[in-house]
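For ligands, and for the atoms within them, numbers begin at 1 and follow the listed sequence.
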Amino acid sequence: MSTKKEIKLDFNSAWELDPAPEDTKHVSIKKQYDLFINGEFVKPNSKKYFATYNPATEEKISEIAEADEKDVDKAVKAARAAFGPWSKLSGKERGKYIYRIARLMQERAREFAVIETMEGGKPIRESRDIDIPLAANHFFYYAGWADKLEYAFPNKNPKPLGVAGQIIPWNFPLLMAAWKIAPALACGNTVVLKPAETTSLTALKLAELIRDSGLPKGVVNIITGAGKTGAAIVNHPDINKIAFTGSTDIGKLIQKSIAGTDKKLTLELGGKAANIIFEDAPIDQAVEGIINGIFFNQGHVCCAGSRLFVQESIADIVIQKLKDRMETLKVGDPMDKNTDIGAINSKEQLLKIQEYFKIGKNEGADFYQSSCSIPKKGYFIKPTLFLNTSQSHRIVQEEIFGPVLAIQTFRTIEEVIEKANNIPYGLSAGVWTDKGSKIFNLTTKLRAGIVWANTFNKFDPTSPFGGYKESGFGREGGLHGLSAYLDLK
Ligand code: NAP
Ligand code: MG
């Protein structure tokens, strides 16, 4: 079945996607989006708008308002005014609103999925089956906690922190918004959220949904812009908490900017996960885990399994099977349900990945790509391996954030633990083995916030997510995710 996805470039009316089979039917995208402050859409102070593009076609999709310091101030004031009444509502009442947001998100799931894929470049299969349902699940999950905070933290007298400034990246736009907003609201905080410049649309659709949900005005404010807008949120004096997900460089900058203030901070930063395959692992299953670990969402995943460690005795067979499996991956139109690897999110990111290709080759690693074809237009990268890499290579140490896997071999468990940990990051890791004892041994010794065993990239609202070292601090998800938005005595 072909998915026709021609877009009418009519700026006078809401955009309609050509009615392709099922998914694209009810999607409307406005020609221009304003800032969502105090329950309504308002023009930015500067009157400036920036364009957002479809990375698979390089076509302009819409225009997005650019918020400056005055807009940030307006949003923070709205959130502050809403904080009193919102935090005094009973947990049960707050929970009702959050449940309503979750249900509306489910109802509009297809529209969210299509827009997420159009603007972000990820395969529709992923936005439809993973991102959007998980985002709704986060709202459901935290709605359930809203009236149980006293039980979650007995004798701690949990109190909300106040106004939370939340800044998110472009790789999981709606999901990251859900990770941030749902626990903040459940705990009685109010929110000013800024999505990333290249992926504002689903956050703005969420703003429409929140307006429709009847959530009291000012409880959630969503303002768009680029790095400067984010910095204005961080530096606003009346913010009580900053929750940031993004790169380690910006995370460090934020930590410096708020040093000496009493703002609370959680940072979810970069990663370079070790995916470790032992000789006793179920090999075909492990190969699927390697594929999922690095090619899911084009490898734009902070917890991606971007370093493969394969035990020497099975290295040849694993690498051969991996190459064979890579030949079956379809790279291309993200809107096509058969696509495995969609578009790289932006030209900037495409260039960054290509730069790492040069770096890796110059470092002497062997470069390998599958033989698939990629579209002429749009930003695409073939699934890529670097073989014969060593621990000191930049392609092994640095986060590439693309469909690029650096492969090393190892002999002993001690050796692989040391190599896996010998890196500035500590977000996630994967272990593939038949032996439970090996799993237990490794989970205690790997310095990573999340360790998956015989699986990879599994997410659930109930389990805490976060890093060590330069991957940040604080946890999102589960009970831990609640405590990040509470003052606990
Ligand atoms: P980024 O450049 O750090 O941007 C993240 C967010 O911060 C964006 O909204 C960005 O705005 C904003 N920002 C930029 N400069 C800022 C400043 N000076 N002050 C405040 N905010 C500022 O990261 P990215 O390139 O979008 O995302 C990729 C990174 O995120 C990767 O390193 C990845 O590992 C990490 N990540 C981590 C997790 C996790 O949970 N640990 C999850 C997902 C992604 P603009 O983009 O609009 O400029
Ligand atoms: Mg950026």
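Not a single heavy atom of Phe172 lies less than 4.0 angstrom from ligand 1.
Taking the six-membered ring for Trp and the full ring otherwise, Trp179 and Phe465 have centroids separated by under 6.0 Å.
Annotation: side chain to side chain donor-acceptor pair (under 3.5 Å) contacts of Lys263 (sequence neighbours excluded): none. In terms of the side chain to side chain donor-acceptor pair (under 3.5 Å) criterion, residue partners of Glu116 (sequence neighbours excluded) are, by chain and number, Thr202.
In this structure, of Leu267, Leu269, Thr245, the residue bringing a heavy atom nearest to atom 5 (C) of ligand 1 is Thr245. By heavy-atom distance, the residue among Gly246, Gly270, Ser346 lying nearest atom 35 (C) of ligand 1 is Gly246. Closest heavy-atom approach to atom 23 (O) of ligand 1 among the candidates Ser247, Ala304, Gly477: Ser247.
No more than 12 heavy atoms of other residues, nucleotides or ligands lie within 6.0 Å of CD in Glu418, so this atom counts as exposed by the packing criterion. No more than 12 heavy atoms of other residues, nucleotides or ligands sit less than 6.0 Å from atom CZ of Phe440.
Considering backbone and side-chain N/O of Trp179, none are found under 3.5 Å from N/O of ligand 1. Inclusion of Glu197 in the set of residues having an N or O under 3.5 Å from an N or O of ligand 1 is warranted. At under 3.5 Å, a nitrogen or oxygen of Gly225, whether backbone or side chain, sits near a nitrogen or oxygen of ligand 1.
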